[in-house]
2 protein chains.
Amino acid sequence: MKKLSFAEENYLKAVYHLSGAGESDVSTNAIAEEMQTKAASVSDMLRRLSEKELVIYKKYQGVKISESGKKSALQVIRKHRLWEVFLVEKLKFNWDQVHEIAEQLEHIKSPLLIERLDDFLGHPKFDPHGDPIPDENGEFKEKPQIPLAEVDLNGTGIVVAVKDTNPLFLQHLDKIGIYLGAKTKIIDKVEFDGSMEILVDSKNKLFISKEIAQNVLVTN
Amino acid sequence: MKKLSFAEENYLKAVYHLSGAGESDVSTNAIAEEMQTKAASVSDMLRRLSEKELVIYKKYQGVKISESGKKSALQVIRKHRLWEVFLVEKLKFNWDQVHEIAEQLEHIKSPLLIERLDDFLGHPKFDPHGDPIPDENGEFKEKPQIPLAEVDLNGTGIVVAVKDTNPLFLQHLDKIGIYLGAKTKIIDKVEFDGSMEILVDSKNKLFISKEIAQNVLVTN
DNA sequence: AAATAAAATTAGATGAATCTAAAAATAAAA
DNA sequence: TTTTATTTTTAGATTCATCTAATTTTATTT
């Protein structure tokens, strides 16, 4: 495992995420979109990552992450999520403030640091957005989770994660009182616009839009 | 205050340190030596830093840090030392292990992060090597300190800092039982080689070489 | 199936940050 | 004060990561 540049780590993460844990193929444009860069830059980087065997890349056919690439990507993701826990649990950041800072911290190179940080935090299994934290070997298990949007009328669930980490989205959840661990019950579903009415913690009734319902994940 | 690159921040730090808090002039070669790079690279970077008015640079005449350069350098130093405290106090690193990691962490850009870290650590005034931590405005006060080598026979002092952060040096201090806060008394001085015999905490007698005596700083 | 549109790649430039080798300026020694 | 040595700077290359513009490949329509 050679030492990767920040840019390389970021591309690997993007490929990993966009391919759904590295299974399916990802298009050059999708990566460019995700990374706020140009397709030409992506092609170039994919060629380089492919030479290092971090991705499996066939020109014009899309890209997939390789086994060693996945290993690297998961370590970066592990670091990102551990730092997010640190920022929220120890430094009292809000969950909408931590992504950007963790984007920087995730590139710090020191296996010992991450080991100690993990100890310090008490080996958390999930980050502040409910995403699972891979262990040293890149292994993790996801909580079974479905979007609120797909829960049946009168169905209940506990909020376990959010699909999006956009600060505006997270701030909105704060405002209306949705948080990880909240108990929800669907008390009305509006067919034509996908919005719904839910009861949070058996006391707060609120209307949420389709966009919200699709990005809040619950478990039964 | 524009955002600086890692390289720029590192050069500024070097100029600041080598000039003794930015007073005197520093030579190109000294910087090259300090930064393990070539004089040509230094010249080039000094030209660029000079254009940004972070240093005062006259070709062939050496370089001095500017007011705005000093401000930036001190913020980087503040971050470095706060992270060192974090690593030792919270993550249980030894003082000889933290420099390298802090060299990376010091470049993380987020004023809020540093503010919160400072709060979390209880606003420490000194890092694990006894070096003062500048505040948000770059201000700090050094403890009065002299090398053990300059303490008179029978003189006493408390170890407040070390001049060098070389891991081998620090590990040696651990081994012989010298640490920040240790009470020392000079019980013998050997003229011809600069070595001495000292009493630590009124109970451990030990011989130390000139090199050690010059790099351990005490206050009366 | 040919024409058109979309997506992806290459070619060529640019800006950092670095290097080696050569030239220029300053300092030291004869 | 010349000569020599040292230090510093410039010139020219290189690598990484990016860009725009042009080209090529693949996908979609008519």
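All chains are named by letter (A, B, ...) in the order of the sequence lines, taking the proteins before the strands, and each is independently numbered beginning at 1. All values below come from the heavy atoms of this structure, side chains included, with hydrogens, waters and symmetry mates left out.
- One finds no side-chain N or O of A/Tyr60 lying less than 4.0 angstrom from the OP1 or OP2 phosphate oxygen of C/dT10.
- A/Glu8 places its CD atom 14 Å from the C1' atom of D/dT18, with the value rounded to the nearest Å.
- Not one side-chain nitrogen or oxygen of B/Lys59 sits closer than 4.0 Å to the OP1 or OP2 atom of C/dA24.
- Only one option out of B/Arg81, B/Glu142, B/Lys143 pairs with B/Phe126 in a side chain to side chain contact (heavy atoms under 4.5 Å, CB included); it is B/Lys143.
- Stem analysis of DNA chain C (at least three stacked-register Watson-Crick or G-U pairs, each with both distances under 3.5 Å) gives C:1-30 with D:1-30.
- Here the nucleotide nearest the side chain of A/Met45, chosen from D/dT18, D/dT10, D/dC19, is D/dT18.
- The interatomic distance linking B/Glu51 (CD) with C/dA17 (C1') rounds to 15 Å, in whole Å.
- Side-chain nitrogen and oxygen atoms of B/Ser41 include none within less than 4.0 Å of the OP1 or OP2 phosphate oxygen of C/dA17.
- Distance NZ (A/Lys58) to P (D/dT24): 23 Å, rounded to an integer number of Å.
- Taking side-chain N and O atoms only, B/Tyr11 has a distance below 4.0 Å to OP1 or OP2 of C/dT18.
- Proximity of B/Asn29 to the phosphate of D/dT6: no side-chain N or O atom is located under 4.0 Å from OP1 or OP2.
- Between B/His99 and B/His80, the ring planes lie tilted relative to each other; the angle falls in the 30° to 60° range.
- Separating the CG atom of B/Asp44 from the C1' atom of C/dG15 is a distance of 12 Å, rounded to the nearest angstrom.
- Here the C1' atom of nucleotide C/dA24 and the CD atom of B/Gln61 are 13 Å apart, to the nearest Å.
- Here the side chain of A/Lys175 pairs no donor or acceptor atom with the backbone of A/Leu170 at under 3.5 angstrom.
- B/Ser43 has no side-chain polar atom (N or O) that falls below the 4.0 Å cut-off from OP1 or OP2 of D/dT10.
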Steps toward side-chain hydrogen bond (donor to acceptor under 3.5 Å, both in side chains) verdict (A/Ser195, A/Asp193): CA-CA 6 Å; A/Ser195 69; A/Asp193 67 354; 2.8 Å; yes
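- Checking the phosphate oxygens (OP1, OP2) of C/dA16, no side-chain nitrogen or oxygen of B/Ser5 falls inside 4.0 Å.
- Between the CZ atom of B/Arg48 and the C1' atom of C/dT14 there is a distance of 14 Å, rounded to whole Å.
- Remark: P of D/dC16 and CZ of A/Arg47 are 10 Å apart, rounded to the nearest angstrom.
- The pair B/Lys109-B/Glu9 meets the salt-bridge criterion, since a charged nitrogen lies less than 4.0 angstrom from a carboxylate oxygen.
- With rounding to whole Å, B/Leu46 atom CG is found 14 Å from C/dT18 atom C1'.
- In this model, the phosphate group of D/dT9 is approached by a side-chain N or O of B/Tyr57 to a distance below 4.0 Å at OP1 or OP2.
- Taking 4.0 angstrom as the limit, A/Lys38 places none of its side-chain polar atoms (N or O) nearer than this to OP1 or OP2 of C/dA8.
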CA sep, side-chain torsions, deciding dist, call: A/Phe86, B/Phe86, ring-ring contact (aromatic ring centres under 6.0 Å, His included): CA-CA 12 Å; A/Phe86 169 70; B/Phe86 169 70; 5.0 Å; yes
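- Sequence order on DNA chain D of the closest nucleotides to A/Ala39 and A/Lys52 puts A/Lys52 first from the 5' end.
- Cation-pi geometry between A/Arg47 and A/Tyr57 is not met: the NZ or CZ atom fails to fall both under 6.0 Å from the ring centre and inside 45° of the normal.
- Taking the ring axis of B/Phe120 as reference, the NZ or CZ atom of B/Lys90 stays within 45° of it and closer than 6.0 Å to the ring centre.
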